[in-house]
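Below you'll find the structure, written out as structure tokens, and then a few comments.
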Amino acid sequence: MIALGIEGTAHTLGIGIVTERKVLANVFDTITTEKGGIHPKEAAEHHAKLMKPLLKKALQEAKISLEDIDVVAFSQGPGLGPCLRVVATAARALAIKHDKPIVGVNHCIAHVEITKMFGVKDPVGLYVSGGNTQVLALEGKRYRVFGETLDIGIGNALDTFAREVGLGFPGGPKIERLAREGKRYIELPYAVKGMDLSFSGLLTEAVRKFKSGKYKIEDIAYSFQETAFAALVEVTERAVAHTEKGEVVLVGGVAANNRLREMLRIMTEDRGVRFFVPPYELCRDNGAMIAYTGLKMYKAGITFRIEETIVNQKFRTDEVEVIW
Ligand code: AMP
Ligand code: MG
């Protein structure tokens, strides 16, 4: 069976075409702004403009036509309303015109589900991106969020810090590079609050330290990463201890970070748990993960009536019954 998936919850429009075992195409386009902020309406216009060319590119790459597709899947939420509506509209149009079933997919769940294409069975997922930071795992028939950010996503915290100190956007890779040169650990507010996370205090203090002129940027970047990532690893480890699961996966755009991977590798080795990070194109926001999750849902008997395809900006991870 073949599924086509459209992702467009935030700044990336992605179209993926997959079978149960293989990614046939996975193409994207991301709107970038100099300031790094994201304007929902501009992002939605970007998605609308690129829908047709990206769809064509994906079909060419997969060497199939729309008629060959068994199910159309789309990111139903959580995300920015205007972006979600463009994506849902395109998915509905394809489903109606070509008489195909349609399935709405939860974006956060799809980030974790795609790891199952690589033999992962039942992991604890650390999902870290610009806007999202969640530790999630299946408990019974639902993904439960064991910990999440109470304010901003870790990627956002890195990007905002980078912008405030004049490094430009996106900040994550630049901070990672600087952090490698850092030698001195500077104490910053720790981000764990119970099982949840909060990065705004850390961000404010790191900016304040920079502006004081007393510290080297390399040392602040290094300390920022060490402090923020230790918090992420701690919450992940506690979820592993609680659920007794044997696998941890790292997904989302921030999964590119080598120091975060290293820290998770050490934690999982200590615990004798498998650790997996998918290829970066499947970590970041992408259509293949939506297609893959939609395909599994469809095979389990789930399809949506058109009136059920309404978007859900606040779509919660635990709203979905996982019967696939
Ligand atoms: P996403 O929101 O999933 O599209 O991912 C984008 C986020 O990933 C941005 O906040 C980037 O700063 C962040 N990011 C990308 N590469 C890295 C990296 N090497 N280290 C940390 N964060 C990164
Ligand atoms: Mg994402």
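Both ligands and their constituent atoms are indexed starting at 1 by order of listing. Treat the numbers as computed from the prediction; the structure is a model and nothing was measured. The residues of the chain are indexed from 1 along the displayed sequence.
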Taking all atoms of both residues into account, what is the closest heavy-atom pair of T227 and P189, and its distance?
CG2-O, 3.5 Å
With nothing but distance in play, are any N or O atoms of G155 less than 3.5 Å from an N or O of ligand 1?
yes
Angular separation of NE2 (H107) and NE2 (H111) seen from the Mg ion (ligand 2), to 10°:
80°
Using modelled atom types only, decide if a donor and an acceptor are shared between the side chain of E176 and the backbone of N258 within a distance under 3.5 Å.
yes
Using distance alone, decide if ligand 1 has a nitrogen or oxygen within less than 3.5 Å of any nitrogen or oxygen in R284.
no
Looking at D285, pick out the N, O or S atom nearest to the Mg ion (ligand 2) and give its name.
OD1
Assess H11 for proximity to ligand 1: is some non-hydrogen atom of it under 4.0 Å away?
yes
What residue and atom, counting heavy atoms only, is the protein's closest point to atom 19 (N) of ligand 1, and at what distance?
E176 OE1, 2.8 Å
Given salt bridge (charged side-chain N to carboxylate O under 4.0 Å, His left out), test K216 with E181 step by step and report yes or no.
CA-CA 10 Å; K216 283 173 67 179; E181 308 301 318; over 6 Å; no
Look at the N, O or S atoms of Y127, main chain and side chain alike, and state whether any lies under 2.8 Å from the Mg ion (ligand 2).
yes
Enumerated ligand 1 atoms positioned under 4.0 Å from heavy atoms of L158
21 (C), 22 (N)
Looking only at protein heavy atoms, what sits closest to atom 2 (O) of ligand 1 is G130 N, 2.8 Å
Give the single entry among S129, G153, A162, G14 that approaches atom 1 (P) of ligand 1 most closely by any heavy atom.
S129
When you compare the side chain of K296 with that of T293, does any pair of heavy atoms fall below 4.5 Å?
no
Report yes or no: is the cationic atom of R259 (NZ for Lys, CZ for Arg) closer than 6.0 Å to the six-membered ring centre of F229, at no more than 45° off its axis?
no
Ranked by distance from atom 23 (C) of ligand 1, the top protein heavy atom is G172 CA, 3.6 Å
Verify the distance criterion only: is there a donor paired with an acceptor across the side chains of T30 and R284 at less than 3.5 Å?
yes
Specify the protein heavy atom at minimum distance from atom 20 (N) of ligand 1: its residue, its atom name, and the distance to 0.1 Å.
N257 ND2, 3.0 Å
Does the plane of the ring in Y185 sit parallel, tilted or perpendicular to the ring in Y222? Use 30° and 60° as the thresholds.
perpendicular
I need the nearest protein heavy-atom contact for atom 13 (C) of ligand 1: residue, atom name and distance, please.
V254 CG2, 3.8 Å
Closest to atom 11 (C) of ligand 1 among D159, N156, D285 (heavy-atom distance)
D159
If you measure from each non-hydrogen atom of I175 to ligand 1, which part falls under 4.0 Å: side chain, backbone, both or neither?
neither
Strictly distance-based, threshold 3.5 Å: is any side-chain N or O of S75 a donor or acceptor partner for the main-chain N or O of G8?
yes
Quick one: do H107 and D285 satisfy side-chain hydrogen bond (donor to acceptor under 3.5 Å, both in side chains)? Show the steps, please.
CA-CA 9 Å; H107 174 89; D285 286 354; 3.2 Å; yes
If I compare all heavy atoms of C283 with all of P278, which pair ends up nearest, and what's the gap?
SG-O, 3.4 Å
Minimum distance, heavy atoms only, to atom 15 (C) of ligand 1: which one of G131, G253, A255 is it?
G253
